[in-house]
Amino acid sequence: MTQFPFDRLVFTPFMVDLERSPLRGHFGEETYVLGAFNPGMTVLPNGNLLFMVRIAEALRQPIRDGKVHAIRWEDGGYVLDGWPLELVDTSDPRKFLLHGGGWKIMALTSLSWLLPVEMSPDGLDVISIHYDKAIAPQGSHQCYGIEDARISRMGEGAYLMTTCSVSPERHSTTLYSSDNGLDWTFEGIVLDHQNKDMLIFEGLIHGEYWAQTRPLGDLYFAYPPGSEWRSGPSINLSTSPDALHWKPCLKPGIRPHAGTAATARMGGGTPPILTEIDGRRGWLSLWHGVEPKEIVGIYRTYWSLLDPDDPSIAIAASHAPLLEPDAELTRPLEDLLYLRDVVFTTGIAEVGDRFIVASGEADLACRITHVPKEAFRSA
């Protein structure tokens, strides 16, 4: 595993005050922070960094009276739903599956909302936690929560943030906009069911917005024998005239290679930024690859440099991971761990001769890594 000079956890569940949670006072059961992780990140006008931290708030005792309970938004408040234990599978601590029905149907053991946390310019120290600007569900399309923000700075006074909104209606991508990175306006649903990990490029290409997307499904068609590609989830591309209405590109984006199981499943990580890597200029994209293991798999962070005029073309990449899960980072939080082997990168900022990279570690806490530019070498 590559060692970097600054690589640490900077925000953990212990730093969240649930007395200021949007859920407080809506029901009588005790909750706790299952995870404070997967921070969308951007640079604020004052030079500080902003984390938009996913707070997964869970019931302390979800199972009682022969039922497992979930939290759900309803008509401006929050309620608890109980499901008989004989109807569910609770083997994954993040969710439970309902038996029968002919489809894979699940509910969550937590409800997620987004907490803006202002950090120092190097991302290592907390400056302020903006509970008054938290983003919580506001409609039935988000009744199971809002997850995994990605923030793109589109120029001075222009920010766009994509989030995953979860509900029985659909598992969609929703868009927010801001002129200062702290106060956000909901713009609506921009991608429909199970199209998530949407990352808007930090700049226009030929006058259009571009985005990486990651549609999911339970059926994929086979590549021909001997193909260099593996069938399965991939990182696709879309364009838009206004960031609201998106058209999929004909060309594929980043696809899993047949020669390795380490990226058998993949999805976008950080909004692509225009920069120079090893003498070549292009869109730097950090993304996650998942190697199958047990229930969740092993999540690692990889990188690709995309052509500045046609992001369907990768002009540089490395098959070796840039970041890997680090058990030493979470050792002081051992009693809180419910997952291992996961680093989920969600934000990047270019600062001089390095990149500041924000990730979720073990679906538990926020990790900051300072990655020198020389670490990006094609292989």
Side-chain angles (χ1 to χ4, degrees), residues 18 20-29 31 33-35 37-38 40 52-59 62 67-84 87-88 90 92 94-116 131-151 160-178 183-198 200 211 213-218 243-246:
L18 286 186
R20 305 183 70 178
S21 161
L23 278 61
R24 186 59 56 227
H26 287 275
F27 48 82
E29 299 296 322
T31 62
V33 179
L34 180 67
F37 60 112
N38 294 2
M52 190 63 78
V53 181
R54 175 181 170 184
I55 306 299
E57 187 169 348
L59 294 168
K67 296 180 179 180
V68 59
H69 293 79
I71 307 169
R72 179 172 54 86
W73 180 96
E74 182 179 76
D75 297 330
Y78 297 89
V79 298
L80 302 182
D81 297 324
W83 298 90
L87 299 181
V88 301
T90 59
D92 188 328
R94 304 171 300 172
K95 60 194 177 187
F96 55 90
L97 296 175
L98 277 65
H99 299 308
W103 303 98
K104 186 178 180 180
I105 300 173
M106 69 178 69
L108 301 175
T109 58
S110 63
L111 185 144
S112 290
W113 48 277
L114 303 178
L115 178 61
Y131 289 97
D132 58 321
K133 300 182 186 299
I135 297 177
Q138 60 184 50
S140 60
H141 62 284
Q142 300 173 322
C143 68
Y144 279 143
I146 308 172
E147 303 176 352
D148 299 347
R150 303 322 210 283
I151 303 175
L160 295 174
M161 178 173 70
T162 61
T163 65
C164 181
S165 291
V166 187
S167 81
E169 297 171 0
R170 61 185 79 186
H171 194 187
S172 65
T173 294
T174 39
L175 181 71
Y176 295 79
S177 65
S178 174
D183 300 288
W184 295 88
T185 300
F186 178 66
E187 300 289 354
I189 294 174
V190 290
L191 293 181
D192 214 327
H193 185 57
Q194 287 201 299
N195 201 344
K196 52 183 296 190
D197 287 335
M198 183 186 192
I200 298 176
T213 68
R214 205 282 306 275
L216 281 178
D218 59 4
L244 294 172
H245 305 89
W246 293 89

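When reading the values below, keep in mind they use all heavy atoms of this one structure, side chains included, and skip hydrogens, waters and symmetry mates.
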Is [Y] close to [X] at the side-chain level, that is, under 4.5 Å between some pair of heavy atoms?
X	Y	result
Leu244	Glu187	yes
Trp73	Ser167	no
Ile200	Arg150	no

Without swapping roles, check the side chain of [X] against the backbone of [Y] for a donor-acceptor pair under 3.5 Å.
X	Y	result
His171	His193	no
Ser178	Asp183	yes
His69	Gly82	no
Thr173	Asn195	yes

- Task: Calculate, to the nearest 0.5 Å, the distance between atoms CD1 and CZ belonging to Ile55 and Phe37 respectively.
- Result: 8.5 Å
- Nearest heavy-atom pair of Glu169 and Ser140: which atoms, and what distance?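 Nearest heavy atoms, Glu169 then Ser140: OE2-OG, 2.6 Å.
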- Item | Side chains of Thr163 and Thr174, donor plus acceptor under 3.5 Å |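 The criterion, which ignores hydrogens and geometry beyond distance, is satisfied for Thr174 and Thr163.
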- Message: Could you check whether Glu57 and Trp113, counting side-chain N and O atoms only, form a donor-acceptor pair closer than 3.5 Å?
- Response: yes
- Between Phe186 and Gln142, is a side-chain contact (heavy atoms from CB on, under 4.5 Å) present by the stated rule, with each step listed? CA-CA 12 Å; Phe186 178 66; Gln142 300 173 322; 4.1 Å; yes
- Query: Thinking salt bridges, do Lys67 and Asp81 make one under a 4.0 Å N-O criterion?
  - Reply: no
- Query: Passes side-chain contact (heavy atoms from CB on, under 4.5 Å), Tyr144 versus Arg72? Steps please.
  - Reply: CA-CA 5 Å; Tyr144 279 143; Arg72 179 172 54 86; 4.1 Å; yes
- Query: Near Asp218 CG, under 6.0 Å, is it more than 12 heavy atoms from other residues, nucleotides or ligands?
  - Reply: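 Count not over threshold, so no.
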- Message: Among Val166, Leu98, Leu97, Val88, which residue satisfies the side chain to side chain contact (heavy atoms under 4.5 Å, CB included) criterion with Met106?
- Response: Leu97
- For side-chain contact (heavy atoms from CB on, under 4.5 Å), just list the numbers for Tyr176 and Leu114, CA-CA rounded to whole Å, side-chain angles, deciding distance to a tenth of an Å, and then say yes or no. CA-CA 12 Å; Tyr176 295 79; Leu114 303 178; 5.7 Å; no
- Message: I'd like to know whether Asp192 forms a side-chain contact (heavy atoms from CB on, under 4.5 Å) with Arg170, so could you lay out the CA-CA distance, the side-chain angles of the two residues, the decisive distance to 0.1 Å, and finally the verdict.
- Response: CA-CA 7 Å; Asp192 214 327; Arg170 61 185 79 186; 3.4 Å; yes
